[in-house]
2 protein chains.
Amino acid sequence: MEKLDQIFFYSLEKAIKSYRQFAQRTMMKQGFDLTIDQWLVLKNIIDHPEWAQNEIAEAAFKDFASVTRIIELLVKKGYLTREIHPEDRRRFRLEPTPKVFGVLKAVEPITKSNRETALNGVSEEEAKLVQQCLTKIIENCNK
Amino acid sequence: MEKLDQIFFYSLEKAIKSYRQFAQRTMMKQGFDLTIDQWLVLKNIIDHPEWAQNEIAEAAFKDFASVTRIIELLVKKGYLTREIHPEDRRRFRLEPTPKVFGVLKAVEPITKSNRETALNGVSEEEAKLVQQCLTKIIENCNK
DNA sequence: TTGAATTTATTGATATATCAATTATTATTG
DNA sequence: CAATAATAATTGATATATCAATAAATTCAA
């Protein structure tokens with residue numbers, strides 16, 4: 001299995017990189033000034049408006065420090081406003097600006113189509129199996 | 001399939017990140033002063049001594065610029081020497097220093113064990129299927 | 001054989017990842 | 001209630017990713 005193991009993790013690395021590059025290219029081509037990481041963080045903030053940054057980070061598989069910096073950029077780009085949280089002054093209250101919703105809505109079909117393209121030729125069964133496998137790997141690496 | 005798609009790519013992202021973190025932790029714990037990216041590039045250079053940097057980059061799924069910088073670090077850390085290639089002055093000849101081989105040999109069982117741990121509970125059949133799936137995704141994203 | 005195109009690699013700018021140290025605030029506990 | 005611990009987030013340093021611009025050497029074509 002040794003050789004396969006090697007190929008396996010190489011493929012894993014290459015697959016996610018290929019997908020990220022592909023998705024980023026598509027985003028840019030459509031004229032959005034968001035990286036897919038910024039989009040991911042933004043989406044998590046919208047979906048969970050009450051979460052603290054560290055919870056956002058966890059949901060987006062990101063380091064706290066990265067999230068701090070990504071949020072900085074999102075504020076600078078005018079997608080978010082940030083003020084101190086009224087109930088816990090260690091935290092911040094992040095508010096999406098009005099333009100966010102239009103952008104997210106516009107990005108939605110692109111993301112959907114990207115995923116479909118990337119999974120072309122992979123059946124739902126297979127996808128489920130792969131997904132289970134990945135979950136197992138995640139567990140194995142985190143204990 | 002939409003919801004699954006989303007979970008699928010989230011899992012993909014999380015799996016490779018979990019594995020990389022796990023592998024990096026193990027490397028450090030064993031006292032090696034290499035990142036896994038440096039190790040990956042170094043290993044490719046050893047395995048293909050005649051390759052140009054751009055070929056190494058491709059094999060390691062890395063950007064040319066990243067490889068340039070990683071090689072700089074490997075030279076600085078005393079794992080490589082670099083001189084101009086005698087047959088093509090645009091290229092460089094990269095030579096591993098003697099200490100490289102010992103280090104790579106010492107890292108080998110760690111990598112092997114990391115992969116085994118990560119794939120614990122995943123059968124060879126499943127791994128093969130996942131691998132095929134990943135290959136399909138890579139192709140889909142690159143055409 | 002010169003001039004244009006191609007190849008190989010570097011550099012700069014910006015974004016993200018990671019670890020460690022730090023700050024500010026809140027919670028605990030003695 | 002004061003001292004301490006825990007929590008939320010930032011900052012600094014270093015590594016890697018990506019894109020664009022550039023430099024140097026080589027190849028090719030007129």
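Proteins come first, then strands; the chains are lettered A, B, ... in the order of their sequence lines, and each starts at number 1.
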Separation of [X] atom [atom1] from [N] atom [atom2], in whole Å?
X	N	atom1	atom2	result
His85(B)	dA9(C)	NE2	C1'	14 Å
Leu94(B)	dT8(C)	CG	P	14 Å
Arg91(B)	dT7(C)	CZ	C1'	11 Å
Ile70(B)	dT10(C)	CD1	P	12 Å

- More 5' along DNA chain C: Leu73(A) or Arg25(B), using each one's nearest nucleotide?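 Taking each residue's closest nucleotide, the earlier one in sequence belongs to Leu73(A).
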
- Message: Taking any atom closer than 4.0 angstrom to a non-hydrogen atom of chain B, what span of DNA chain D does the protein reach, first nucleotide to last?
- Response: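 Boundary nucleotides touching chain B, in 5' to 3' order, are dA15(D) to dT26(D).
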
Contact class for [X] (heavy atom, under 4.0 Å): base, sugar-phosphate, or nothing?
X	result
Gln24(B)	nothing
Glu72(A)	sugar-phosphate
Asp63(A)	base
Ser66(B)	base
Thr68(B)	base

- Query: Taking for each residue the nucleotide of DNA chain D with the nearest heavy atom, is it Arg69(A) or Gln21(A) whose nucleotide lies nearer the 5' end?
  - Reply: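 The residue whose closest nucleotide sits nearer the 5' end is Arg69(A).
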
- Given DNA chain D, 5'-ward residue of the pair Arg90(B) and Lys62(B), judged by closest heavy atom: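 By nearest-heavy-atom nucleotide position, the 5'-most residue is Lys62(B).
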
Look at atom [atom1] of [X] and say whether more than 12 heavy atoms of other residues, nucleotides or ligands are closer to it than 6.0 Å.
X	atom1	value
Lys128(B)	NZ	no
Glu95(B)	CD	yes
Lys17(A)	NZ	yes
Glu55(B)	CD	yes

- Euclidean distance, Leu34(A) CG relative to Met27(A) CE, rounded to 0.5 Å: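 Those atoms lie 5.0 Å apart.
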
- Task: Would you confirm whether Ser11(B), through its side chain, and Gln131(A), through its main-chain N or O, come within 3.5 Å as a donor-acceptor pair?
- Result: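 Pair absent, no side-chain N/O of Ser11(B) close to backbone of Gln131(A).
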
For residues 59-76 of chain A, run the donor-acceptor check on the side chains, cut-off 3.5 Å, and write out each pair with its distance to 0.1 Å, sequence neighbours left out.
| unit_1 | atom_1 | unit_2 | atom_2 | d |
| --- | --- | --- | --- | --- |
| Lys62(A) | NZ | Asp37(A) | OD1 | 2.7 |
| Asp63(A) | OD2 | Ala65(A) | N | 3.0 |
| Thr68(A) | OG1 | Phe64(A) | O | 3.3 |

